[in-house]
Structures are given as structure tokens and as C-alpha cells.
Enquirer: 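Let me begin by handing over the structure; questions about it come next.
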Amino acid sequence: MIVLATGAHPADVFDLAGGTLANFSRTGHTVYVVVLTHGAYSHSQVVSSKDHKVAVEEVIALKRSECDAAAAAVGAKDVRYLGYTDEPFVPSRESVLELAECV
């Protein structure tokens, strides 16, 4: 079976279903993860502490690194980052079609 887990932010899939994904992977199923937003605004308090653009880029890189490590820990085959902003995320035709391509 192929399992596709989607989350709004980089940590969401693992916070809500990490154990389930690990069980699927451990029993031979293929696990993929899709992350809709970069998560920099809703999951970080450091964005306002220095140059805004640099801080956002640093948080995005950190969140991706954490997500990649979590994906490896649960045995996910791949993570796809759609990279939409998260404050606020407003679904658009583009985002819906991009998510549909993943499915």
C-alpha cells in the first residue's frame, strides 16, 4: 500500500500520526509526506528577533531539516514541500491543484 500523509505545517504529520506512519513503513508500506506551508510564522518566536527576511529563511531551513529527520525516523520515502506561507494560508486554485498532483 502507498500511504500519503499531508500536513499544514512541517511537524503536523509527525505530531498527529508519526507512530502510525512508522508502523506502516515498518510493515512494508511506502510512506510519502506532503507539507503545505513552510511553518515559519506559526511555529517560531524568533522571526521578529532580527532581520525579518533572514530570520524567516533560517526558520524555514530549520523546519525542513527537522521534518526531514522525522521523515527518516518513521521510514518515509520522500517529503514534498509545497512552501506556501502559513500566516495565513489561504487555499487557492494553484495550491489545490498542486496538492492534487501529489495525490
Side-chain angles (χ1 to χ4, degrees):
M1 175 170 59
I2 296 175
V3 178
L4 176 62
T6 60
H9 304 99
D12 290 352
V13 167
F14 308 103
D15 289 346
L16 300 171
T20 300
L21 295 176
N23 283 335
F24 276 128
S25 179
R26 184 178 48 83
T27 56
H29 302 288
T30 305
V31 174
Y32 293 95
V33 175
V34 175
V35 180
L36 293 166
T37 72
H38 53 58
Y41 296 112
S42 58
H43 289 277
S44 175
Q45 289 72 45
V46 301
V47 170
S48 61
S49 67
K50 55 183 173 177
D51 179 59
H52 182 73
K53 181 155 178 62
V54 172
V56 168
E57 295 304 318
E58 289 175 357
V59 172
I60 290 170
L62 174 63
K63 296 299 172 190
R64 279 192 180 202
S65 175
E66 292 171 345
C67 187
D68 289 340
V74 301
K77 184 172 182 174
D78 192 28
V79 180
R80 182 163 178 199
Y81 298 95
L82 302 188
Y84 292 97
T85 190
D86 64 335
E87 287 295 323
F89 171 67
V90 179
S92 64
R93 178 175 172 75
E94 175 190 355
S95 64
V96 170
L97 292 174
E98 193 169 4
L99 180 57
E101 286 179 20
C102 296
V103 174

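Basis for what follows: all heavy atoms, side chains included, without hydrogens, waters or symmetry-related copies. We count residues from 1, following the sequence as given.
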Enquirer: In the hydrophobic cluster built from side-chain contacts under 4.5 Å, what are the other members alongside L97?
Expert: none
Enquirer: Which atom names give the shortest non-hydrogen contact between G83 and H38, and what distance separates them?
Expert: O-CD2, 4.0 Å
Enquirer: Which other residues belong to the hydrophobic cluster containing F24, where Ile, Leu, Val, Met, Phe, Trp and Tyr are joined when side-chain heavy atoms lie under 4.5 Å apart, directly or via other members?
Expert: M1, V3, V13, F14, L21, V31, V33, V35, V74, V79, Y81
Enquirer: Measure across D86 and A40 and return the closest heavy-atom pair with its distance rounded to 0.1 Å.
Expert: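 Reported closest heavy-atom pair: OD2-N, 3.6 Å.
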Enquirer: So, using side-chain contact (heavy atoms from CB on, under 4.5 Å) as the criterion, who are the partners of E101 when residues are at least two apart?
Expert: R80
Enquirer: Transitive ILVMFWY cluster of L82 at side-chain heavy atoms under 4.5 Å: who else is in it?
Expert: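 Direct or chained contacts put L82 with I2, L4, Y32, V34, L36, Y84, F89, L99, V103.
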Enquirer: Who are the side-chain hydrogen bond (donor to acceptor under 3.5 Å, both in side chains) partners of R26, not counting sequence neighbours?
Expert: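 Scan of R26 (side-chain hydrogen bond (donor to acceptor under 3.5 Å, both in side chains), adjacent residues dropped) gives N23.
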Enquirer: If you take all heavy atoms of S25 and G75, which pair is closest and at what distance?
Expert: OG-O, 3.0 Å
Enquirer: Among residues at least two apart in sequence or on other chains, which ones pass side-chain contact (heavy atoms from CB on, under 4.5 Å) with T27?
Expert: H29
Enquirer: Identify the heavy atoms of P10 and C67 that sit nearest to each other, and give their distance.
Expert: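 That would be O-SG, 3.4 Å.
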